[in-house]
Amino acid sequence: MTDRVVVAGAVFDEGRLLAARRSAPPELAGRWELPGGKLEPGETAEQALVRELREELGVEAEPGERIPGEWPLAPGYVLQVWTVRIVSGEPRPLEDHDELRWLFRHELDTVDWLDQDRPAVAEAACRLPVG
Ligand code: CDP
C-alpha cells in the first residue's frame with residue numbers, strides 16, 4: 001500500500017523560517033514543526049498545503065519548490081515539504097498550534113523540532129541567508 005502523504009510548508013519571509021509549536025496531541029504538544037497536514041483524497045500536495053496553511057494560519061500561501069526527500073512519520077505516513085511564500089495575511093496559530101516564531105538561520109536550533117522535521121529544516125536552512 002502506498003503511504004499517505006503529509007505535506008508541510010517551509011514558509012519563508014524576510015530571511016526567516018516560520019516555526020509552529022504543536023498544541024496537540026499530547027505526545028507532540030510543545031514540539032515545533034513546519035505547519036501542514038494530511039492530503040485529502042483527490043488533492044495534489046500543493047492544494048493540500050494551501051488549504052492547510054489557510055486553516056491553520058489564516059494565510060494565503062503560494063507553494064514554491066519541493067524540498068528533496070521524504071521522511072517517515074507514523075507507520076503508513078510520509079512527510080513531504082515545499083517551500084512557501086505568503087501571498088496575503090499574517091500567520092496566526094488558529095488550529096493545531098499555540099505559538100508561532102519567525103527564526104533566522106542562526107536561531108533554528110533554539111526550538112525543539114519534531115525529530116521527523118529536522119532533515120527538512122536543515123534543507124530549508126540552506127535556503128536562508130547566512131547570519
Ligand atoms: O491537520 P491534519 O490532521 O491533516 O494533520 P496533522 O495532525 O497536522 O499532521 C498529521 C501528522 O503528521 C501528525 O502525526 C503530525 O505529527 C505529522 N506532522 C509532522 O510530523 N511534521 C509536520 N511538519 C507536520 C505534520
Side-chain angles (χ1 to χ4, degrees):
M1 214 185 83
T2 37
D3 289 327
R4 261 192 92 177
V5 173
V6 172
V7 62
V11 183
F12 295 113
D13 188 50
E14 296 183 359
R16 301 163 306 172
L17 177 70
L18 187 65
R21 190 172 68 184
R22 286 197 72 100
S23 50
E27 61 273 19
L28 302 180
R31 307 286 299 277
W32 293 75
E33 69 174 11
L34 302 170
K38 302 181 202 80
L39 256 71
E40 299 290 346
E43 272 183 332
T44 65
E46 285 95 335
Q47 287 167 342
L49 188 56
V50 168
R51 176 183 52 73
E52 287 285 347
L53 298 185
R54 189 183 290 139
E55 290 170 3
E56 293 186 358
L57 306 176
V59 297
E60 291 306 313
E62 184 179 77
E65 45 152 349
R66 169 128 174 240
I67 291 187
E70 191 168 79
W71 298 279
L73 301 174
Y77 289 89
V78 291
L79 178 67
Q80 298 180 358
V81 178
W82 264 254
T83 65
V84 171
R85 189 177 72 88
I86 293 178
V87 179
S88 67
E90 190 65 34
R92 287 165 293 142
L94 301 177
E95 208 178 70
D96 292 347
H97 305 112
D98 60 7
E99 192 179 335
L100 302 177
R101 267 188 218 166
W102 287 106
L103 300 174
F104 288 107
R105 186 166 163 157
H106 71 274
E107 297 172 321
L108 288 177
D109 62 1
T110 62
V111 300
D112 184 19
W113 294 100
L114 289 174
D115 295 338
Q116 58 267 28
D117 282 45
R118 288 174 190 266
V121 171
E123 281 292 328
C126 301
R127 291 158 172 81
L128 286 171
V130 179

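Atoms within each ligand, like the ligands themselves, are counted from 1 in listed order. Just the heavy atoms: all of them, side chains too, but no hydrogens, waters or symmetry mates, feed the values below.
Salt-bridge check for Asp117 with Arg22: failed, with every basic side-chain N at 4.0 Å or more from each acidic carboxylate O. Salt-bridge check for Arg127 with Glu65: passed, with a basic side-chain N closer than 4.0 Å to an acidic carboxylate O.
Considering Glu33, Glu52, Arg22 only, the shortest heavy-atom separation from atom 8 (O) of ligand 1 involves Arg22. Closest heavy-atom approach to atom 14 (O) of ligand 1 within the set Asp115, Asp117, Leu28, Leu79: this belongs to Leu28.
Distances below 4.0 Å separate heavy atoms of Gly36 from the following atoms of ligand 1: 8 (O). Close approach of ligand 1 to Gln116 is summarised as follows: ligand atoms under 4.0 Å from at least one heavy atom of the residue are 19 (C), 20 (O). Per-residue contacts place Glu56 under 4.0 angstrom from the following atoms of ligand 1 (heavy atoms of the residue considered): 1 (O), 8 (O). For ligand 1 and Asp96, the ligand atoms under 4.0 Å from any heavy atom of the residue are 1 (O), 8 (O). Within ligand 1, counting atoms from 1 as listed, the ones closer than 4.0 Å to a heavy atom of Ala8 are 23 (N).
Residue Pro35 places no N or O, backbone or side chain, under 3.5 Å from any N or O of ligand 1.
The protein atom (non-hydrogen) at minimum distance from atom 3 (O) of ligand 1 is Lys38 NZ, 3.0 Å.
Distance CG/Leu49 to CH2/Trp82: 8.0 Å, rounded to 0.5 Å.
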